[in-house]
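A short worksheet on the structure shown next.
These figures come from a predicted structure and were not determined experimentally.
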Amino acid sequence: MDILQLKIIDLLPVHIFEWKSALRKNIFSYLILYILLFLSSYHPFTYIVMLLLVLSSFIEIYKYLEPKELYISYFQKFSLIEKYKISLKVFNVIIIPPFILFGFINTLYSEFLLLFFPVNLFILEIISRKYKNYSDNRRIIEFNPVLLIILLIKSILIVPSLYSIRNNTQIANKKISVYVSN
C-alpha cells in the first residue's frame, strides 16, 4: 500500500510540494474528508460545515514552512503570483466537483454556490500569510481559531481580503528578494 501511495504522490508536479508532503503524511484522512464532502452535498448546512472542515485541513497543508534551500530554489524558478495560480488551480480542481454536485442536488439553494469565490480568497489569504511570515528559523506558522475566523470574515466581505492579499504579497515579495538574489 505504501508503494502505491508513493507512486500516486510522485505523479503530482513539483510546484505543489506542500500538497505532496501533506499527502505523504496522511493520504487516507484527506480521502475520507473529501468523500464526506461529497456525501454532505445533500443539505446546505451539512455542506457548509464539511466545507469548513475541508478548509481547516488545507490550513494544515500550508502551516508548515519549507527549508531555506527549497524556498530559494523554488522562488528562483517561479514568482509568488505563479505560486498562487498553481495552488489555486489545484485547490479548484479538488473543490469544484463537490460544488457542482451541491448545485445539482440543491437547485433551490443555488446562492450557496456564490461561496466559491470567498473560499478561493480564504485559501489565498492562507498562502499569502504563509509567505509573508516566512522565516528560515521557524518550522510552523500557527493559525489560532480567532485568526481563522477573522480571515473567514474578511474573505466573505471580499474587499478587505483583496487588500490583505495585496499587502501580504508585497511583504512576501520583499522577503523573497532578500532570500533570492534574482
Side-chain angles (χ1 to χ4, degrees), residues 12-26 30 33-34 37 48 50-96 98-99 112-182:
L12 296 174
V14 177
H15 308 302
I16 53 173
F17 53 86
E18 296 102 347
W19 295 76
K20 288 175 83 167
S21 66
L23 287 174
R24 279 192 179 100
K25 292 177 188 172
N26 47 11
Y30 286 115
L33 197 60
Y34 193 60
L37 182 63
I48 289 175
M50 279 307 299
L51 190 61
L52 289 174
L53 286 174
V54 167
L55 287 176
S56 69
S57 71
F58 287 133
I59 292 167
E60 290 295 317
I61 292 173
Y62 286 105
K63 80 176 191 178
Y64 296 103
L65 295 174
E66 55 271 1
K68 181 179 170 182
E69 295 79 19
L70 180 62
Y71 183 81
I72 291 171
S73 68
Y74 183 83
F75 285 113
Q76 282 179 340
K77 296 177 187 172
F78 305 104
S79 69
L80 186 59
I81 302 298
E82 289 172 340
K83 177 68 178 170
Y84 290 166
K85 288 178 184 176
I86 291 167
S87 296
L88 276 182
K89 281 180 187 176
V90 170
F91 175 72
N92 285 329
V93 163
I94 291 171
I95 209 74
I96 284 176
F99 264 97
F112 281 102
L113 295 177
L114 295 175
L115 288 174
F116 184 74
F117 188 66
V119 165
N120 277 301
L121 285 177
F122 182 77
I123 292 298
L124 271 178
E125 284 266 2
I126 297 296
I127 298 169
S128 67
R129 188 174 186 285
K130 172 186 176 178
Y131 289 110
K132 172 190 163 197
N133 295 327
Y134 180 82
S135 172
D136 57 342
N137 299 329
R138 291 188 300 172
R139 298 295 300 151
I140 294 177
I141 292 179
E142 294 298 327
F143 289 100
N144 58 29
V146 174
L147 175 69
L148 295 177
I149 291 171
I150 290 171
L151 291 177
L152 191 62
I153 291 171
K154 282 178 16 181
S155 64
I156 290 171
L157 294 175
I158 297 176
V159 173
S161 180
L162 291 173
Y163 181 75
S164 175
I165 291 168
R166 192 181 115 240
N167 286 342
N168 289 349
T169 303
Q170 289 174 348
I171 294 170
N173 279 329
K174 288 179 186 175
K175 280 197 175 185
I176 290 170
S177 67
V178 168
Y179 287 101
V180 180
S181 60
N182 295 337

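Taking Tyr131 as the reference, Phe75 meet the ring pair (Phe, Tyr, Trp, His ring centres under 6.0 Å) condition, with sequence neighbours excluded. For Tyr163, there are no ring pair (Phe, Tyr, Trp, His ring centres under 6.0 Å) partners two or more places apart in sequence or in a different chain. Here Lys83 pairs with Glu18 under the salt bridge (Lys or Arg N to Asp or Glu O under 4.0 Å) rule; sequence neighbours left out. Residues meeting the ring pair (Phe, Tyr, Trp, His ring centres under 6.0 Å) test with Tyr84, sequence neighbours left out: none. For the side chain to side chain donor-acceptor pair (under 3.5 Å) test, no residue two or more places apart in sequence or in another chain qualifies with Tyr64. With sequence neighbours excluded, no residue forms a salt bridge (Lys or Arg N to Asp or Glu O under 4.0 Å) with Glu82. By the ring pair (Phe, Tyr, Trp, His ring centres under 6.0 Å) test, Phe116 is found to be paired with Phe99, residues two or more places apart in sequence or in another chain being considered. Evaluation of the salt bridge (Lys or Arg N to Asp or Glu O under 4.0 Å) rule for Lys132 yields no partner, not counting sequence neighbours.
Here the closest non-hydrogen pair linking Ile156 and Pro118 is CA-CB, 4.1 Å. Considering all non-hydrogen atoms of both residues, Pro160 and Lys154 come closest at CB-CG, 4.1 Å.
Distance OG/Ser79 to CD1/Ile176: 8.0 Å, rounded to 0.5 Å. Taken to the nearest 0.5 Å, the CG atom of Leu157 stands 12.0 Å off from the OG atom of Ser164. For the atom pair CG of Asn173 and CG of Leu80, the computed distance is 5.0 Å after rounding to the nearest 0.5 Å. We find the CD1-CG distance between Ile127 and Leu88 to be 5.5 Å, quoted to the nearest 0.5 Å. The structure places CG of Leu115 at 9.5 Å from OG of Ser155, a figure rounded to the nearest 0.5 Å.
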Working for side chain to side chain contact (heavy atoms under 4.5 Å, CB included), residues Phe122 and Leu151 | CA-CA 7 Å; Phe122 182 77; Leu151 291 177; 3.8 Å; yes
Under the side chain to side chain contact (heavy atoms under 4.5 Å, CB included) criterion, do Phe91 and Leu55 qualify, and how do the steps go?
-> CA-CA 10 Å; Phe91 175 72; Leu55 287 176; 4.0 Å; yes
Let me see the working for Tyr134 and Tyr179 under side chain to side chain contact (heavy atoms under 4.5 Å, CB included), right down to the final yes or no.
-> CA-CA 11 Å; Tyr134 180 82; Tyr179 287 101; 3.9 Å; yes
Quick one: do Leu52 and Leu152 satisfy side chain to side chain contact (heavy atoms under 4.5 Å, CB included)? Show the steps, please.
-> CA-CA 10 Å; Leu52 289 174; Leu152 191 62; 3.9 Å; yes
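For residues 52-66, the salt bridge (charged side-chain N to carboxylate O under 4.0 Å, His left out) pairs, not counting sequence neighbours, are Glu60-Lys63, Glu66-Lys130. Every pair passing side chain to side chain donor-acceptor pair (under 3.5 Å) that includes a residue from residues 86-95 is listed here, sequence neighbours excluded: Tyr62-Ser87, Asn92-Asn120. Listed by first and then second residue, the salt bridge (charged side-chain N to carboxylate O under 4.0 Å, His left out) pairs involving residues 159-179 amount to none (not counting sequence neighbours).
Considering only heavy atoms from C-beta on, Ser73 comes within 4.5 Å of Leu70 through its side chain. For the pair Ile158/Leu162, a side-chain contact is recorded, criterion being any heavy-atom separation below 4.5 Å from C-beta on. In this structure, the side chains of Val54 and Tyr34 stay at 4.5 Å or more apart for every pair of heavy atoms. Side-chain contact between Ile94 and Tyr30: absent, with no pair of heavy atoms (C-beta onward) separated by less than 4.5 Å.
Inspection of the Ser161 and Glu125 side chains reveals an N or O donor paired with an N or O acceptor under 3.5 Å.
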Enumerate donor-acceptor pairs with a distance under 3.5 Å from any side-chain N or O in residues 137-149 to protein atoms, sequence neighbours excluded.
residue : atom : partner : partner atom : Å
Arg138  : NH2  : Asn133  : O            : 2.4
Arg139  : NH1  : Leu65   : O            : 3.1
Asn144  : OD1  : Leu147  : N            : 2.7

